[in-house]
Amino acid sequence: MKIVIVIFIFYLFSKTISQYIDVIPIEYESYNDSLVIKYDESYGFGYYTNISFLWDYQSQHDMSFNCVLNNSIRTCTLPVKESDHEKMYSDNLVACVYQHDTFIMCGFKIHLFYFPSPVIISPFKPNTRGGNTTLSGYYLDLNWRIWIPFENKYKQDQYYREPAVYSLPGKWHTKDYDRMNLIVEVLPGCGNRSIIWDNRQRYNFTYQDPNIENIDINESLLDITGTNFYNQSVLVAIKIDNNIIDPNDIISVDFENIKLKFNYSDPFSSKLNVQVGCCDYWSNKFQITYPPILSSVNSIPKLKGGLLIINGNRLTSSPSSNNNNISVTVGDSICSMISSSSNEIKCNLQPLSNSTLNNSSPITVSINGVENTLKLLLFYDIPHIKTYYQVNDEIHIIGGCFGNINSTQIQINGKQVSNQIKSINNNETILIINVQNQIYNFNISIESNSIKSNNINVNVKMYTIINEIPSVGNKLINFTLFYVNSSNINTIPTIKILNQQSNQTIKSILTNVNEGVVSCSFLIENNCGIVNYEIEIGNQRYQSSFSYESPFINNCNLNSKEIVTCIGKAFGNSNETIIIISNQSLAFKNESNNNNDKSISFQMSEEYNILGELYLNVCGLSSNKVKINTIPIFKNISIPNLFDTNGGYIIIIGKYLNNNTNITIECNNEVIEKECKLNNNSTSLECNIKLNGPNDKTCKLLFNNDNNNIVSTFNIIYKSPSINQTSIINLKQGGILTIIGNDFYYPIDKVLIIGSNGNGNDSDSLNCNEPKYINNTMITCFIQATNNTFNNIKNGEMIFINVTTNGKSGISKVFKYLTQSDDAHQYSDARNIFQNLLLSILIILIISLFISNI
C-alpha cells in the first residue's frame with residue numbers, strides 16, 4: 001500500500017514538474033504554405049509536435065509539425081495547405097510538447113510570443129484620415145488577438161503619444177467572420193508605420209500617398225483638393241516647380257483640402273507643377289497654368305486684314321524658357337507674329353474672304369501651350385481713333401477701319417463736313433484732313449461702314465511754311481505763320497537757328513498780318529543745306545526745318561591736264577562742298593578761280609576711279625550722280641619684245657583709254673594696220689602689228705587728244721635669223737643642204753660653213769652656194785664637192801653655220817658632214833638622220849599649206 005502511495009505521489013510530482021517545461025524557439029519563419037520553428041537542443045527546452053486550434057474549448061482544427069534534428073538545431077515545419085488557412089484561427093492555441101524526442105505532454109498552451117508572425121498577403125495602406133482598414137493575411141486571428149500594436153516614429157505627430165494598440169472592431173467574438181481579412185481601426189497618420197507582432201517582429205507599411213485632384217486659383221490663393229492629405233501642417237509641405245513653399249504661406253490643411261497663399265506676379269504665361277508632401281511622401285504632379293489675359297484688341301478691315309494689336313497681361317513667355325512658341329489664332333485663321341511683350345502682341349492677319357459672314361471672331365493666344373481662358377472677340381470693320389498728330393496744315397488721324405475716301409464721312413463738332421478728307425492709306429490706318437480755316441480746337445469722329453467711331457479732341461497748333469525753296473546763298477527767307485493766337489498777333493516774330501551752337505535770336509525785318517495769318521522775313525546766314533529752326537511769336541513756338549536748293553550737276557568733263565570741271569547749280573562754296581567719286585570722298589582743292597555755285601573744278605587724282613559715278617554733297621544735300629566725260633591721255637610706248645616674221649605688238653600707255661581711242665600708226669609714211677585691245681583698267685592699249693621684216697623701221701604714233709594730235713616716234717627692231725638644225729651631207733660628193741630655223745627673210749644673202757673657231761677665215765670656211773628662201777623657217781643651198789675637211793674637226797663633229805639675210809646674221813653650231821672614208825655604220829646613221837630631217841620638213845610644209853588655206 002505504501003508503495004502504491006509512493007508511486008502515486010511520484011506521478012503527481014512528475015506531472016507537476018512537466019507543467020513547467022519551457023518551449024523557447026530561437027527562430028521563426030512564416031510562409032503561405034508553412035510555418036517553421038527552430039530550437040536549440042543544447043538549452044534543454046521542449047518543442048511542439050502537434051498543434052490544436054481551440055474555439056470555445058473545443059478543437060476545431062489539428063495539425064502536426066515535421067521535426068528534423070541537425071546537430072543541436074531542431075527544425076520543425078508545419079505544412080499548410082490552402083484549405084488550412086481559413087481553419088487556422090483560435091481563441092486558445094495548444095500543442096503537444098516533446099523534449100529530446102521524449103513525450104512530455106499535450107495541451108501545452110502556446111503563447112504567441114513564441115510563435116511565427118502572420119503573413120500579410122496584400123499591401124496594407126490605410127488612408128491618412130484613418131478609420132476601419134482591412135488587414136489581409138494568414139495566421140492573423142490567433143489566441144484572441146484583438147490588439148495590434150502600431151509604432152509611430154513621427155514625434156511631431158499629434159498621435160505620437162496615443163496608445164500603441166488599436167482594437168479590432170466588428171465580429172471578432174463570433175465564429176463566422178472573415179478570419180483572413182480583419183478590420184483594423186487605424187488612427188490618422190501619414191508616411192511610414194510598423195505593426196509589432198507578439199513575437200516582436202515588425203511589418204512595415206505606409207499610409208496612402210497624397211493625391212491632388214484639383215486646384216482652384218483665386219487671385220493670390222491656391223485651393224488644393226484631393227485625398228490623403230494630412231491635417232497637421234508641421235508634417236505637410238508644398239512644392240511648386242520643385243521649390244518648397246514657405247510653411248508660413250500654408251493657411252490651412254485637412255485630409256482632403258489645403259489652402260495656401262501664392263502670389264503669381266511674373267509678367268509672362270507659364271505652367272507650374274504643384275505637389276503635396278505628407279511625412280515626406282509626395283503626391284502626383286498637378287499642373288496649374290497662369291494663362292495670357294486678353295483685355296482689348298483693335299478692329300481691322302475684314303477684307304483687307306491688317307495689324308492686330310492685342311493688349312493684356314502675360315502676353316509673352318519666360319526669358320528662361322527654352323521654348324518661345326507664341327501663336328495667335330483668330331477664328332480659323334493664323335495671325336502671323338510680329339512681336340510680343342508682357343502686355344502687347346502684334347501680329348498680321350490676312351484678309352478674310354467674302355464668304356466669312358461673321359462680323360467677329362474669337363482670339364486664341366497660345367504661349368508654349370498655355371492658352372487664354374477668357375476669350376476676346378475681334379470685331380471687324382469698326383472704325384476707331386487712337387491719336388493724331390499735326391503736319392503743318394494737315395491733321396493725321398491714327399487708328400483703323402477708316403474705309404475709303406469715297407464712302408467715309410467725318411463729323412467735326414457734331415456736324416458732318418464734306419471734302420475735308422485728303423487721303424486714306426490702303427491699310428485704313430491713317431486718315432489725313434486739312435485743318436479748318438483758323439479753327440483752333442474741334443472734336444472729330446469718323447463714320448465708316450455705317451459705324452461711327454469714337455470722338456477725339458484736336459488742338460491745332462501754330463505752324464509755319466516757307467514761301468519758296470531758297471537758292472544757295474540767299475539770306476532773306478520768307479515765312480508764313482498760321483494759327484497765331486490773337487494775343488500774339490501783334491508781336492514781332494523771332495527765329496533761332498538750331499544748327500548753330502550760338503543761341504542768337506534773329507528778329508523779323510518785315511512783318512505783315514492778314515486775318516490772323518502772319519507773314520515775316522528773316523536774314524539768315526546759313527545759305528546751304530538743311531536748316532533746323534524755331535520760330536517764336538509771343539508764347540507760341542514752332543520747330544521745323546527747311547532745305548536750301550539741292551545741288552544739281554548737268555555734266556562733268558575731264559581735260560588734257562586732268563582737271564575735272566562740273567557745270568550745274570547750287571554748288572555752294574569749296575568749304576561746304578564734298579566731291580564723291582565711286583563712293584570715295586575726294587579732298588577738294590580749288591583748281592580755278594572761277595568756282596561758284598554753278599561751276600566747280602578740281603584736279604583728278606590717281607587713286608580715284610574716274611570711271612565711277614560722281615556726285616556732290618553740299619552742306620549735307622546730295623546732288624544727282626553723273627559719269628565724268630573723259631578724254632584719252634597718252635604717256636609713252638612700250639615694245640616688250642623684238643618683232644619677228646609675223647610682226648609683233650606695242651603697248652600704248654596712258655590714262656582713260658578705251659577701245660575707241662583714236663590712234664594712227666605710220667611707218668615709212670604708210671599707215672599700218674593694227675588690232676588693239678584695252679588692258680589694265682583703261683591705262684594701256686595692246687596693239688598687234690603685222691609688219692614684215694627684216695629691215696628695222698622707225699614709226700610714229702598719232703594720238704588724237706581733245707582734237708590735238710600727239711606724235712610719238714618709236715623703232716621696230718626685228719629678230720635675227722636663228723638656226724635649229726641642218727641636213728647631213730658628204731663633202732666629198734657635195735649636194736643640197738637644207739637648213740631649218742626661224743625668222744628667215746627673203747632674199748637670203750649668204751650661207752657660210754665655218755670651222756671650229758667660228759671666225760670665218762677663208763682657210764677654214766666653205767660657202768654654200770645658190771641659197772634659196774623656202775619660207776620663214778626653212779632655206780636651202782648647194783655645196784660643191786670638196787676635199788676640205790676643216791682643220792681640227794673630227795669626222796661627224798658639229799661645226800658652225802652662218803646665215804645672212806638682209807644684213808641680219810644668225811650663227812649656230814648645228815652642221816654635221818661626212819666623207820667617203822666614213823664606215824657603213826656612220827653612213828647608215830647619217831641616212832637615218834637625213835630621212836628624219838626630210839620627214840620633219842614634209843610635216844612643216846603640210847602644216848604651212850593647211851594654215852595658209854584657213
Side-chain angles (χ1 to χ4, degrees), residues 267 292-316 328 330 333 335-352 359-363 365 372 374-417 420-436 439-461 463 483:
I293 299 173
L294 315 184
S295 58
S296 64
V297 63
N298 61 303
S299 181
I300 60 172
K302 179 168 62 176
L303 299 181
K304 290 184 178 179
L307 177 68
L308 277 190
I309 301 177
I310 302 170
N311 300 110
N313 296 308
R314 304 187 202 134
L315 299 183
T316 188
V328 178
V330 180
S333 301
C335 193
S336 301
M337 285 295 301
I338 297 175
S339 64
S340 72
S341 64
S342 59
N343 52 20
E344 182 183 82
I345 287 178
K346 291 182 179 180
C347 62
N348 189 53
L349 186 65
Q350 295 298 315
L352 302 180
N359 288 324
S360 65
S361 297
I363 299 175
V365 174
N372 55 299
L374 300 176
K375 297 298 181 183
L376 178 69
L377 289 178
L378 166 63
F379 292 93
Y380 300 102
D381 298 311
I382 297 179
H384 57 280
I385 301 174
K386 294 175 64 175
T387 186
Y388 77 94
Y389 61 89
Q390 179 180 344
V391 179
N392 293 336
D393 62 340
E394 295 178 349
I395 301 298
H396 293 232
I397 308 295
I398 309 301
C401 302
F402 290 156
N404 61 72
I405 195 170
N406 296 321
S407 61
T408 298
Q409 299 175 343
I410 62 172
Q411 290 186 351
I412 294 180
N413 293 334
K415 295 182 180 180
Q416 183 173 315
V417 296
Q420 292 298 311
I421 301 176
K422 188 174 182 179
S423 66
I424 299 175
N425 69 341
N426 187 56
N427 295 330
E428 303 183 20
T429 56
I430 301 175
L431 182 147
I432 300 175
I433 63 171
N434 291 315
V435 295
Q436 300 292 300
I439 300 178
Y440 287 77
N441 302 295
F442 58 89
N443 181 276
I444 187 171
S445 64
I446 296 171
E447 184 175 322
S448 175
N449 303 311
S450 301
I451 301 173
K452 186 179 178 182
S453 74
N454 56 311
N455 300 328
I456 63 167
N457 291 319
V458 176
N459 297 317
V460 183
K461 298 179 180 180
Y463 67 91
Y483 285 88

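Keep in mind that what you see is a predicted model, and the values were worked out from it rather than measured. What's counted below: heavy atoms across the whole structure, side chains too, no hydrogens, waters or symmetry copies.
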> Is there a side chain to side chain contact (heavy atoms under 4.5 Å, CB included) between Val460 and Ile439 once you walk through the steps?
CA-CA 8 Å; Val460 183; Ile439 300 178; over 6 Å; no

> Any idea which heavy atoms bring Asn459 and Tyr388 closest together, and the distance?
N-OH, 3.0 Å

> At their closest point, which heavy atom of Ile433 faces which heavy atom of Ile421, and how far apart are they?
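Scanning both residues completely, I find the closest heavy atoms to be CG2-CA, 4.1 Å.
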
> What pair of heavy atoms forms the shortest contact from Cys401 to Pro383, and how long is it?
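Scanning both residues completely, I find the closest heavy atoms to be O-CB, 3.3 Å.
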
> Among Ile309, Leu315, Asn311, exactly one meets side chain to side chain contact (heavy atoms under 4.5 Å, CB included) together with Ile345. Which residue is that?
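When Ile309, Leu315, Asn311 are each tested with Ile345, the side chain to side chain contact (heavy atoms under 4.5 Å, CB included) holds only for Leu315.
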
> Can you find a heavy atom in the side chain of Ile410 that is under 4.5 Å from one in the side chain of Gln420?
yes

> Does the side chain of Phe402 come within less than 4.5 Å of Ile397's, by heavy atoms?
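SC-SC contact between Ile397 and Phe402 confirmed.
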
> Rounded to the nearest 0.5 Å, what separation is found between the OG atom of Ser296 and the CG atom of Leu376?
7.5 Å

> Tell me if a side-chain donor or acceptor on Asn372 pairs with a main-chain N or O of Leu374 at a distance below 3.5 Å.
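Checking the backbone N and O of Leu374 against the side chain of Asn372, a donor-acceptor pair under 3.5 Å is found.
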
> Return the set of residues passing disulfide bond (SG atoms under 2.5 Å apart) with Cys335 (not counting sequence neighbours), or none when no residue passes.
Cys347

> Is there a side-chain contact between Met337 and Val328, using heavy atoms and a 4.5 Å cut-off?
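Side chain of Met337 against side chain of Val328, heavy atoms only: contact under 4.5 Å found.
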
> Could you check Leu308 against Asn348 for side chain to side chain contact (heavy atoms under 4.5 Å, CB included), going step by step and ending with a plain yes or no?
CA-CA 6 Å; Leu308 277 190; Asn348 189 53; over 6 Å; no

> Apply side chain to side chain contact (heavy atoms under 4.5 Å, CB included) to residues His384 and Asn298 and explain how you reach the verdict.
CA-CA 8 Å; His384 57 280; Asn298 61 303; 3.5 Å; yes

> Is it true that Asn425 and Thr429 share a donor-acceptor pair across their side chains at a distance under 3.5 Å?
yes

> If you define the side chain from C-beta out and look only at heavy atoms, does anything of Leu303 sit under 4.5 Å from Leu352?
no

> Within the side chain of Ser299, is there an N or O that forms a donor-acceptor pair under 3.5 Å with the backbone of Ile382?
yes

> To the nearest 0.5 Å, tell me how far Gln416 CD sits from Gln411 CD.
6.0 Å

> Within the structure provided, determine whether Phe379 and Asn359 are in side-chain contact (heavy-atom separation under 4.5 Å).
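Side chain of Phe379 against side chain of Asn359, heavy atoms only: no contact under 4.5 Å found.
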
> I need the Ser450 OG to Gln409 CD distance, nearest 0.5 Å.
8.5 Å

> Test your reading of the model: is there a side-chain donor-acceptor pair from Asn313 to the backbone of Asn343, 3.5 Å cut-off?
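It does not hold such a pair.
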
> Look up atom CG in Leu377 and atom CG in Leu294, then write down how far apart they are to the nearest 0.5 Å.
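That separation rounds to 10.5 Å.
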
> Report yes if some heavy atom in the side chain of Glu428 is under 4.5 Å from a heavy atom in the side chain of Asn404; otherwise report no.
no

> Pairs in or reaching into residues 392-412: which pass salt bridge (charged side-chain N to carboxylate O under 4.0 Å, His left out), with residues at least two apart or in two chains?
Glu394-Lys422

> Take atom NZ of Lys375 as the centre, draw a 6.0 Å sphere, and report whether it contains more than 12 heavy atoms from other residues, nucleotides or ligands.
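Count over threshold, so yes.
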
> Looking at every non-hydrogen atom in both residues, tell me the closest pair between Val297 and Ile363 and how far apart they are.
CG1-CD1, 3.7 Å

> Roughly how far, to the nearest 0.5 Å, is CD1 of Ile446 from CG of Asn454?
8.5 Å

> Begin from the C-alpha positions of Ile424 and Thr408 and carry the test side chain to side chain contact (heavy atoms under 4.5 Å, CB included) through to its verdict.
CA-CA 9 Å; Ile424 299 175; Thr408 298; 4.0 Å; yes

> To the nearest 0.5 angstrom, please state how far the CD1 atom of Ile456 sits from the CD1 atom of Ile395.
9.0 Å

> When you measure from the side chain of Asn413 to the backbone of Asn443, do you find a donor-acceptor pair of N or O atoms at a distance under 3.5 Å?
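Checking the backbone N and O of Asn443 against the side chain of Asn413, a donor-acceptor pair under 3.5 Å is found.
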
> Is atom NZ of Lys304 surrounded by more than 12 heavy atoms (other residues, nucleotides or ligands) closer than 6.0 Å?
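Result for NZ/Lys304: enclosed.
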
> Which heavy-atom pair separates Thr316 from Ser340 by the least distance, and what is that distance?
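It is OG1-OG, 3.6 Å.
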
> Determine whether Ser333 and Leu349 make a side-chain contact, defined as any pair of heavy atoms from C-beta on separated by less than 4.5 Å.
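The answer is yes; the side chains approach within 4.5 Å.
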
> Under a 4.5 Å cut-off applied to non-hydrogen side-chain atoms, are Tyr380 and Val330 in contact?
yes

> Mind listing the closest non-hydrogen atom pair of Ile300 and Gly306 along with its distance?
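Between these two residues, the closest heavy atoms are CD1-N, 3.8 Å.
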
